[in-house]
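First comes the structure, then the notes that go with it.
To find a chain, count down the sequence lines: A is the first, B the second, and so on, and within it residues start at 1.
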Amino acid sequence: MSGPASDIAMGVRDGSRSAVTVLEDYLARIDAREPRIHAFNVVLADEARHRAADIDALVANGADPGPLAGVPVALKDNMCTRGVPTTCSSKILEGWRPPYDATVVRRLSEAGAVVVGKTNLDEFAMGSSTENSAFGPTRNPHDPTRVPGGSSGGSAAAVAAGFVAVSLGSDTGGSIRQPAALCGVVGVKPSYGAVSRYGLVAFASSLDQIGPFANTVADAALVLQVIAGHDPADSTSIPQPAADLSDVLTEGVEGVRVGRIVDLPSGADPDVDERLEAALETLQTAGAKIVDVEVPAFTYGLTAYYLIAPAEASSNLARYDGVRYGLRVDATETNAMYAATRAEGFGDEVKRRIMLGTYALSAGYYDAYYGKALKVRRLIADDFERAYQHADVLLTPTSPTVAFPIGERTDNPFAMYLCDTYTIPTNLAGHPAVSVPFGTGAGRLPVGVQVLAPMLAEPMMFRVAAELERAVTS
Amino acid sequence: MSTDGWELVIGLEVHVELDTRTKLFSASPNRFGDEPNTNIDPVTLGLPGALPVLNRHAVELAMRIGLALNCDIRPSSFHRKNYFYPDMPKAYQISQYDEPLNVDGWLALPDGTRIGIERAHLEEDTGKSTHVGGSGGRLHGSDYSLIDFNRAGVPLVEIVSRPDLRTSEQSRQYVTELRGILLAVGASDAKMEQGSMRVDANVSVRRPGDPLGTRCEIKNLNSVRSVGRAIEYEAARQITMVEAGDTVRQETRHWDEGDGTTHTLRTKEDADDYRYFLEPDLVLLAPEDEWIDRLRSELPALPAERRAALSEVTGKATDSEAVIVVTERGQDSYVLAVGEAGGDPARALIHVKEAFAAFGDEPAVPAQDLAALTRMESAGALTPTQAKAVLAEMVAHSGGDPEKIAADKGFEAMDTLALETLVDHVIKDNQASWETYCAGQDKAIGALIGAAMKASRGQADGKAVTAVLRTRRSTA
């Protein structure tokens, strides 16, 4: 491996390492394993080589390319990249090249990062295994017969396989944290509004949030600081600068109150539960205080989510109508063209959620479904608020299981939805959360532990995450 | 068919395009008449990943409209109205739904009747489709369609009246008055023929005192005149149906300017379920009190207030044609200026109404020149015919000294003795008319006046001639 992103950037900035050489290391690994893993929808080797050479030239000329100088990154293929296909792993967007960069892409670029490719995902980020891709599944680098999790499975696998140093994913109900856990890397879902959504192809706008994957907590913090901060192009962006995370990682957890949710929905495998207990013990040993808290509405998160997210998705995905861009299947009149285009362009899971969401918003059903789900969402936020009066962070498993075999859950959507039981409530509340690798479970597969924190409490969340990481690596 | 014994109940929904520099949610220019699909960007086209950012100036103009219509400005939100149409790039329109910015206002017609305003809310416009081939510009059956997205995302305010209007004339007045208000507050150029002001009418009929009848919504009203015509046609259609024992179906109807009829566009059963929900890409819009207060204090004088001022100095009724027309043209302040320059405001009002129809709100004739002219008229130094000729000269030269113009033209008012002599000649030369007139046939005076005017080559004052003739008859 080429070491952490922070080391790469430091070396490139001070001229002791060449961005081109660093990149070639990564490209060599892609050449060797990508055909088996299929993390990428597109590898931009030539563009990346040019970019790396430019970075080296900047340094040679005495300029500072920025805090991610020469760091190879991958982008989930639902983030707009100017002139580069952005597909959302859907046939309906195949061939579409955005005329603009997402804010996060621009910020990475301005920080000196080198974009290596765009990664595979469940179509429009709907799924938990990266099997719902029009371009075929991504495989877990730890065991290629298993899924990498999803929907940001390509970005998680790309970091786990050493194809890039860091990557970006998007998390609507766990789509960063769950694949991070299954692939054994760090994955962060920032506070809603901390990172601009401008240029992120929307799945469920009130829940979507972009965040980093990295091999270390420090790298995740480094990337988050680059991409976070107010963006006037996103009205839901929080009007304040990114939190400073550089000093918190070494602060330790002395006196930090860590909550254990006593009424957490059951269903995690014993090997996963065992790792959560071990994590709690680790933190206690490090000086944290373990407290029991109740979050009664946590258990309703999944059902509320599967009304709210599809409802928003049904509206967000209505624009793929064949009129202006992407796939068009011709027909004799307009409505028939819409229907033929959408029937051909969308996969089953996307269609399922569009139908579910359309139904939930329909006249006569709104109050019973979407309206009630919004009330549950409020209850969850209230319950979290009460819990955070007693705890600074909460600890849960990230995923109920380790990585499962490819194909195991594709015919059972509900079993697939259960993957996100522990991650969804955070999105509904808008809070930040991080999945940190914490040893292995069955089959020596990675297990992640999730640290949940209140709104904008990323500094405290990273403190605790760093402590867990120290326990594993020491 | 007669509307006797029937009452019309009319509510108007008026969409106005706001006169902003850029669109409601993006930085593309808001400009009419540009090359198609040039004022576009990722937000306008609804490209994946694009997000709306609310235009502060649009909010300000919407608030000015609300304040001018005596509305309460409330904390408000935006919703998505979901439906598929090729010129709707996102397949949803961002609009205000159950929490509009302006609520509960009123608009006073020139005679003082208050028409309730239910709401005036912000929303984005759609693109514009042109259907080529097939039957008459409709999507159905056309060969192909072209879409211009320049209009997509243009800020609109939809002003919804309460069903307080009772006649087509009131409806015309409402639209005219509203247009005057929109122009006065600078919110829109409000051009119905260009579509920057679009009116839909909800029309129903009932027997006075009965509950409301079933309403039909009439679309495609492109002028104040068509608003009146369409309402009259539609009311007559509904009355004929009800009198024949049929029931009116709730539906949306299209006004055909060509044949002067309305016909079904879609029935209630075909109505889309718009699946409104809170727009998650925007935050709540709650203008702070200081902002509202500042806009209130900056509000210009509105047409009703200006008509009242004009009425007061001219002595003409607030709903007289001259007061309404001159205020509409924005020439009311000019009339007041003539008064301030020592002129006769009532005479000035009539001159401005008749002679300055083709001129903008600030006629080129200096107010003091027109004031001097009206003083000459008041003093009896000019007959109305002469005054018109002098004014035409002043208009042609952007002003001038009326006394000099009158002198150059050889105008001098006839004195009373000369006038009486003239009238006596006329009586002698037109004995037949005179005798008819004396026999009580008042109409015969017309021939005598005409003869007097002719004999004086227009220098005689018609009113003065009439007065002399009357005196002569009473003493005959």
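- Top candidate by heavy-atom pairs under 4.5 Å with chain A, chosen from B/P48, B/A27, B/A50, is B/P48.
- The candidate from A/G371, A/A233, A/P99 with the greatest count of non-hydrogen atom pairs under 4.5 Å with chain B is A/A233.
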Once you leave out hydrogens and angles, what donor-acceptor pairs under 3.5 Å do chain A and chain B share?
from	atom 1	to	atom 2	distance (Å)
A/Y100	OH	B/P48	O	2.6
A/Y100	OH	B/A50	N	3.1
A/R197	NH1	B/D281	OD1	3.1
A/R197	NH2	B/D281	OD1	3.0
A/G199	N	B/G49	O	2.7
A/S235	OG	B/P52	O	2.8
A/S315	OG	B/R80	NH1	2.9
A/S315	OG	B/N82	OD1	2.8
A/N316	OD1	B/R80	NH1	2.9
A/N316	OD1	B/R80	NH2	3.1
A/R319	NH1	B/G46	O	3.0
A/R319	NH1	B/L47	O	3.2
A/R319	NH2	B/Y92	OH	3.0
A/R324	NH1	B/L45	O	3.4
A/R324	NH1	B/P89	O	2.2
A/R324	NH2	B/P89	O	3.0
A/Y325	OH	B/G46	O	3.0
A/A363	N	B/D273	OD2	2.7

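- There is no contact between A/A102 and chain B, counting heavy-atom distances below 4.5 Å.
- Under the rule for a side chain to side chain contact (heavy atoms under 4.5 Å, CB included), A/A368 has no partner lying at least two apart in sequence or in another chain.
- Taking A/D122 as the reference, nothing meets the salt bridge (charged side-chain N to carboxylate O under 4.0 Å, His left out) condition, with sequence neighbours excluded.
- Of the two parts of B/P86, the backbone and the side chain both hold a non-hydrogen atom closer than 4.5 Å to a non-hydrogen atom of chain A.
- Using a 4.5 Å cut-off between heavy atoms, A/L93 contacts chain B through its side chain alone, with no backbone atom that close.
- With sequence neighbours excluded, the residues that form a side chain to side chain contact (heavy atoms under 4.5 Å, CB included) with A/P425 are A/F298, A/I380, A/F384.
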